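To keep things clear, I will list the structure first and then write my remarks on it.
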Amino acid sequence: MTEMTTKFFAKAGEPGTHTGNRGLQIEEPLIFEIGALETSGVDFEEPEPFESRLGDMERRDAIGLPGLTEPEAVRHYVRLSQKNYSIDSGIFPLGSCTMKHNPRLNEKMARLPGIGDIHPLQPQETVQGAIELMAMLSDWLLKLTGMPAVALSPKAGAHGELCGMIAIRAALEARGEAEQRRVVLVPDSAHGTNPATAALLGFQVRAVAAKSDGTVCAQAVRDVLGPDVAAMMITNPNTCGLFEPEIADIAAILHEAGAYLYCDGANFNAIAGKVRPGDLGVDAMHINLHKTFSTPHGGGGPGAGPVVFSESLAPFAPLPLIREENGEFALVEDHATGGEDRPFGRLVAFHGQMGMFVRALSYMLSFGIDGVRQASEDAVLNANYIRAGLKDVMTQPFGDRVCMHEVLFDDVFLKGTGLSTLDFAKAMIDEGFHPMTVYFPLVVHGAMLIEPTESESKQSLDQFVGALRSLARAARQGDTERFKGAPHFAPRRRLDETRAARQPVLRFTPAQSKAAD
Ligand SMILES: Cc1ncc(COP(=O)(O)O)c(C=O)c1O
């Protein structure tokens, strides 16, 4: 074992170990550093002699693939998986992310042979059950949102935003106003994907200032509204964990001015079963199935972000449409399959993430509508339990007020301690907790956004609150060492996260591993 690993695991003032391992935590090398390169863990038959047609293109050097036996490969990936904190290991309090429990029932349903083994190119008469399942999911989403049309195909929340805004652009084109309406209004508390979506479609983004209580008022919208506005994108409940109380008025003002209201529905898990966005005047809204309806987030996917549409935008939703006639289900694609031509066309090659549809519907059916409503209430209750447990030791940017599914703190309680939000978050890792979302929303200095979700028990919340109370007290008492070097007990200490994100090393070269040694 190299000195490098010993160095990483030794804490200040403590001896390192001979192996570099610590307790039963194994310091795992890269797969290229285990076993022998250019060997194989299985016996392949020698290929028949053949004449290469690659000419100059033929590889001259060894490719450098790692050769592992089966047990070596299994151990490598199991050890890596153990380093990966997950919702199955403990509370994952990332605000705006809704890391809730993924019920095992969902997994069982998604693996049923009649669902897991089908292919999107199968003739529709052989997958009637799957299309019926999509129709049922659509029905749930439409009833929960109070909207008349839905597109299931977007693959994530951000993709849903793109879908909704393309539909808005298509509707404006149909009205002959696309050239005139080039501006999208976005509150300054918005999730970054909102202005990014608008900009990607060539709209100019005009900010709407939030009030001092973190919400957007109708007057602020009126102040920036003009004949050039295509739509407003607003998140509700917003990224400060607050319900937008003037949203219905905002919708009315926008409609009067000929513009649309896009609602970022990423936080629908706070209001599902309680509030129908259609009743608020929303024209399009995405729903992150991987948040509200408990499907796994995955590493950037697979997600699903269905979009619901109002009456006025329904004709501009993307294909395919789901249709039922005399008990027969069909995915209607175009003229050839009995549909009308649609200005949008399709968003994706097939029809979306079937595995996620199954999981979300499984969650809905196992809970029932009253259960979905209770999940929303419990998510809000849990966030407020944390707020009440921490309000005397941490500070809130808009004063102590009832929040929705997530509670927002700022860094005012750290003032004079020499510590930052990042130090506080890193010290949580030593306590065995994944940090909350930090420095978001941008409108709050040193923001700490905590979303426990409905999955957590009172005992789990009490442990979490207890740890944060102890950290807040330690910070006030000047125990800076506990924070500045944190995490002290993780396999890696404080990393340069900005550099890791901006200059990621994604390619292994033997020279690099030497340099690191
Ligand atoms: C408020 C908000 N909007 C949009 C998104 C984007 O959703 P997705 O990650 O599914 O693309 C997120 C995700 O965190 C979010 O919190």
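Because the structure is a prediction, the values reported are computed rather than measured. Sequence positions, counted from 1, serve as the residue numbers for this chain. Indexing begins at 1, ligand by ligand and atom by atom, following the structure's order.
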Between the side chains of Gln374 and Asp370, is a donor N or O closer than 3.5 angstrom to an acceptor N or O?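 Per modelled atom types, Gln374 and Asp370 side chains form no pair under 3.5 Å.
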
Between Asn238 and Glu244, a side-chain donor and acceptor under 3.5 Å: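 Side chains of Asn238 and Glu244: pair found under 3.5 Å.
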
Honestly, is Arg182 close enough over Phe203, meaning NZ or CZ under 6.0 Å from the six-membered ring centre and within 45° of the axis?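 Relative to the ring axis of Phe203, which defines the angle, Arg182 lies inside both limits.
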
For [X], take its heavy atoms, then give the atoms of ligand 1 lying under 4.0 Å from any of them.
X	value
Lys291	12 (C), 13 (C), 14 (O), 15 (C), 16 (O)
Thr193	3 (N), 4 (C), 5 (C)
Asn288	7 (O), 8 (P), 10 (O)

Which bit of His159 is near ligand 1, meaning a heavy atom under 4.0 Å away: side chain, backbone, both or neither?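 Contact part for His159 vs ligand 1: neither.
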
Angle class for the Phe92/His434 ring planes (parallel below 30°, perpendicular above 60°, tilted otherwise)?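 Correct class here is tilted.
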
Parallel, tilted or perpendicular: which one describes the rings of His351 and Phe357, with boundaries at 30° and 60°?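 The arrangement is tilted - the two ring planes meet at 30° to 60°.
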
Taking the six-membered ring for Trp, is the centroid-to-centroid distance between Phe268 and His286 below 6.0 Å?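 Phe268 vs His286: aromatic centres not under 6.0 Å.
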
Centroid-centroid distance, Phe413 to Phe424, less than 6.0 Å: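 Between Phe424 and Phe413, which both carry aromatic rings, the centre distance is below 6.0 Å.
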
Can you tell me which residue and heavy atom of the protein come closest to [atom], and the distance to 0.1 Å?
atom	answer
atom 8 (P) of ligand 1	Gly157 N, 3.4 Å
atom 3 (N) of ligand 1	Asp264 OD2, 2.5 Å
atom 9 (O) of ligand 1	His290 NE2, 4.3 Å
atom 16 (O) of ligand 1	Ser96 OG, 2.6 Å

Taking all atoms of both residues into account, what is the closest heavy-atom pair of Pro187 and Val216, and its distance?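 Minimum heavy-atom contact is CB-CG2, 3.7 Å.
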
Regarding ligand 1, does Ala158 bring an N or O atom to under 3.5 Å of one of the ligand's N or O atoms?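 It does: an N or O of Ala158 is found under 3.5 Å from an N or O of ligand 1.
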
Can you figure out which of Glu451, Glu161, Lys155, His191 has its heavy atom closest to atom 15 (C) of ligand 1?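 When every heavy atom of Glu451, Glu161, Lys155, His191 is considered, His191 comes closest to atom 15 (C) of ligand 1.
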
Could a heavy atom of His297 be found less than 4.0 Å from some atom of ligand 1?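 No.
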
